[in-house]
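Below, chains carry the letters A, B, ... as their sequence lines are ordered, and counting in each starts from 1.
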Number of protein chains: 2
Amino acid sequence: MSRTAGSSGKKTLAAIREAGLDLIHERGFEAVSLRQLAARVSLQPGSLYNHIETKQDLLFDLIHNHMVTLLQSVDAALDGIEDPLAQLEAFIAFHLTYHIERKREVFIGSSELRSLDPKNRKKIVALRRTYEERLCDILERGAAKRLFKIDDIPVSAYAILAMLTGICTWYDAKGRIDRKTLIDIHTRLVLQGVLK
Amino acid sequence: MSRTAGSSGKKTLAAIREAGLDLIHERGFEAVSLRQLAARVSLQPGSLYNHIETKQDLLFDLIHNHMVTLLQSVDAALDGIEDPLAQLEAFIAFHLTYHIERKREVFIGSSELRSLDPKNRKKIVALRRTYEERLCDILERGAAKRLFKIDDIPVSAYAILAMLTGICTWYDAKGRIDRKTLIDIHTRLVLQGVLK
DNA sequence: TATAAAAACGATCATACGTTCGTATCCTGG
DNA sequence: CCAGGATACGAACGTATGATCGTTTTTATA
């Protein structure tokens with residue numbers, strides 16, 4: 001027995017990534033073995049290496065992919081909006097929606113940073129910093145226009161991001177709270193905290 | 001060679017816990033080996049078992065200890081305060097201070113929950129729930145007295161906790177922001193978000 | 001349709017892991 | 001001051017890990 005009928009590199013790699021997101025999200029990167037991952041995609045452990053470089057590479061690939069998508073998406077979501085208040089509202093709605101839809105990626109992207117080797121981590125941290133800058137910019141421009149009253153912009157940005165990102169650990173899309181309600185609650189919390 | 005001169009069970013166990021907090025905080029529970037831990041306290045790997053039951057037991061011990069202390073401390077911090085607004089301020093100040101002083105424990109206590117086996121995890125989750133209830137109670141009583149206007153108490157409590165806990169990932173006690181400023185900024189953010 | 005590349009298998013490598021054990025030495029309570 | 005428990009060593013256990021290899025079969029290109 002060797003190459004399986006109907007096998008295709010693209011599909012297998014996609015399956016590996018998907019299974020990787022699932023497993024790492026559930027158990028953590030270090031706790032997931034390549035044997036478990038291989039079993040999840042019905043492959044022998046060694047065969048994974050037809051598609052990934054190393055285990056570390058897979059992790060970086062997953063996180064990097066997520067960060068790039070996140071940045072593209074936030075820029076798309078803010079595109080064309082000029083008013084800082086409207087921008088902040090759009091940012092909140094985008095951030096929550098994205099974090100609901102990509103719980104796994106977001107969670108891995110923050111909790112597994114330390115499993116990245118220093119070189120890879122550096123790249124991801126830089127991308128994350130860029131994302132944080134988007135919020136800082138909004139707060140800054142809102143403060144400059146005297147729409148917001150903010151004591152310390154970076155600290156406030158961190159606080160807001162932490163609050164919005166927190167939903168990843170508890171929000172259940174099938175639970176009591178629907179998405180719109182979730183966004184409304186958080187929008188109100190943030191805006192009141194920030195408005196003049 | 002065998003038992004080392006000057007060795008004492010109490011001191012060794014304390015050193016193991018301390019090193020455990022450090023290592024797990026830095027690298028994550030799964031990534032820390034008992035050999036690394038033993039080396040950190042200048043012991044042979046097998047000797048750890050004079051002081052701990054298993055690796056899993058050590059983790060539970062660290063987290064459980066932290067949660068019990070957290071609960072005792074929050075109750076002490078709120079003791080005697082009646083006004084919900086004052087309670088909320090006290091809660092914020094306490095939570096931030098505690099989380100600054102015990103970054104490692106707090107971080108491990110949330111990020112390594114999944115490394116606990118189900119039985120242990122259940123106990124910790126129950127303790128955490130109790131802590132969350134403290135904040136929910138404050139919000140509830142403040143809302144009942146028409147001091148606060150809150151759309152959804154559990155969601156708001158989660159949001160506030162996430163925001164306050166977020167500092168663990170970035171706050172540096174030796175950095176630009178001193179503790180009082182940090183507390184002021186967060187107090188203002190939360191209160192504005194919650195007040196009527 | 002011939003042929004190279006792609007993708008899988010199954011076996012295997014060296015290493016690292018958590019844990020146990022027998023033994024030696026030290027500390028402490030009676 | 002001595003007996004016995006406490007504490008450490010060092011070697012070892014079985015298992016799991018990430019990764020490599022040669023081989024075989026399928027797919028896709030030209």
Side-chain angles (χ1 to χ4, degrees), chain A residues 1-21 23-24 26-63 108 112 114-120, chain B residues 1-21 23-24 26-63 108 112 114-120:
Chain A
M1 215 161 303
S2 53
R3 181 167 186 179
T4 311
S7 64
S8 132
K10 297 247 169 193
K11 274 196 281 182
T12 305
L13 179 55
I16 290 173
R17 287 168 132 138
E18 193 61 24
L21 287 175
L23 288 173
I24 297 170
E26 282 168 25
R27 311 177 195 180
F29 177 71
E30 300 276 358
V32 173
S33 77
L34 292 183
R35 281 163 179 80
Q36 292 168 339
L37 180 59
R40 192 62 86 91
V41 292
S42 302
L43 236 54
Q44 293 299 313
S47 305
L48 291 174
Y49 287 84
N50 287 319
H51 308 279
I52 65 172
E53 214 59 46
T54 61
K55 194 191 179 193
Q56 167 73 208
D57 248 55
L58 172 62
L59 179 62
F60 176 72
D61 182 58
L62 291 175
I63 299 183
I108 293 171
E112 298 298 355
R114 64 176 160 194
S115 297
L116 289 172
D117 62 37
K119 208 171 175 179
N120 286 336
Chain B
M1 215 163 305
S2 50
R3 180 168 184 177
T4 312
S7 64
S8 133
K10 297 248 168 193
K11 274 196 281 183
T12 307
L13 179 55
I16 290 173
R17 288 169 132 137
E18 193 60 24
L21 286 175
L23 288 172
I24 297 172
E26 282 167 26
R27 311 177 195 179
F29 178 71
E30 300 274 0
V32 174
S33 77
L34 292 183
R35 282 165 179 77
Q36 292 168 339
L37 180 59
R40 192 62 85 92
V41 292
S42 302
L43 236 53
Q44 293 300 314
S47 306
L48 292 174
Y49 286 83
N50 288 319
H51 308 279
I52 65 171
E53 213 59 46
T54 61
K55 193 190 180 195
Q56 166 74 209
D57 249 54
L58 172 62
L59 178 63
F60 175 72
D61 182 57
L62 291 175
I63 299 183
I108 294 171
E112 297 298 356
R114 63 174 161 197
S115 296
L116 289 172
D117 61 36
K119 208 170 174 179
N120 285 337

Please report, rounded to the nearest Å, how far the [atom2] atom of [N] is from the [atom1] atom of [X].
X     : N      : atom1 : atom2 : answer
B:E30 : D:dT17 : CD    : C1'   : 13 Å
A:L58 : D:dA19 : CG    : P     : 10 Å
A:K10 : D:dA28 : NZ    : C1'   : 14 Å
B:I52 : D:dA8  : CD1   : P     : 13 Å
A:F29 : D:dT17 : CZ    : C1'   : 12 Å
B:I16 : C:dT19 : CD1   : P     : 13 Å
B:L37 : C:dC17 : CG    : C1'   : 14 Å
B:L43 : D:dA8  : CG    : P     : 5 Å

Distance below 4.0 Å between [X] side-chain N/O and [N] OP1 or OP2:
X     : N      : answer
B:H51 : D:dA6  : no
B:S47 : D:dC9  : yes
B:Q44 : D:dA8  : no
B:T54 : C:dG18 : no
A:S33 : D:dT17 : yes

Would you tabulate the side-chain donor-acceptor contacts of residues 40-49 of chain A under 3.5 Å, counting partners in other chains and residues two or more places apart, or write 'none'?
none

message: Checking side-chain contact (heavy atoms from CB on, under 4.5 Å) between B:L59 and each of B:I63, B:D57, B:D61, which is the one that passes?
response: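 Of the listed residues B:I63, B:D57, B:D61, the side-chain contact (heavy atoms from CB on, under 4.5 Å) partner of B:L59 is B:I63.
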Using 0.5 Å steps for rounding, measure from the OG1 atom of B:T12 to the CD1 atom of B:I52.
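Answer rounded to 0.5 Å: 12.5 Å.
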### Side chain of A:Y49 - closest among D:dA8, D:dA19, C:dC9
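Looking only at side-chain atoms, A:Y49 lies closest to D:dA19.
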- When you get a sec, tell me which of C:dG18, D:dG18, D:dA8 is the closest nucleotide to the side chain of B:L34?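 Closest of the options to the side chain of B:L34: C:dG18.
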Using the six-membered ring of A:F29, assess whether NZ or CZ of A:K55 lies under 6.0 Å from its centre and within 45 degrees of the ring axis.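 Judged by the rule, A:K55 and A:F29 form a cation-pi pair.
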Answer yes or no: is there a side-chain heavy-atom contact under 4.5 Å between B:L37 and B:L58?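 Yes, at least one pair of side-chain atoms sits under 4.5 Å.
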- Task: With heavy atoms under 4.0 Å as the rule, sort A:V41 into base, sugar-phosphate or nothing.
- Result: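 Here A:V41 touches no strand at all.
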Base, sugar-phosphate, or nothing for B:L48, non-hydrogen atoms under 4.0 angstrom?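 Nothing, no heavy atom under 4.0 Å.
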Practice task
Return yes if some donor-acceptor pair links the side-chain N/O of A:Q36 with the main-chain N/O of A:S33 below 3.5 Å, else return no.
Solution key: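 Yes, the answer is positive, given that a donor and an acceptor are paired below the 3.5 Å cut-off.
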- Query: Hey, is the main chain of B:S115 close enough, under 3.5 Å, to the side chain of B:E30 for a donor-acceptor pair?
  - Reply: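 Not at all, since once roles are kept as given, no pair shorter than 3.5 Å links the two residues.
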Problem - Global bending angle along the helix from C:dT1-D:dA30 to C:dG30-D:dC1, which compares the axes of five pairs at either end, to 10 degrees - result: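 That helix gives 30° between its end axes.
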### Message
Quick check: any donor-acceptor pair below 3.5 Å linking the side-chain of B:N50 to the base of D:dA6?
### Response
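Such a pair does not exist between side chain and base.
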* Taking for each residue the nucleotide of DNA chain C with the nearest heavy atom, is it A:R35 or A:S42 whose nucleotide lies nearer the 5' end? ->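 The residue closer to the strand's 5' end, by nearest nucleotide, is A:S42.
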Hey, is A:E112 close enough to B:R27 for a salt bridge, meaning N to O under 4.0 Å?
->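 Salt bridge: no.
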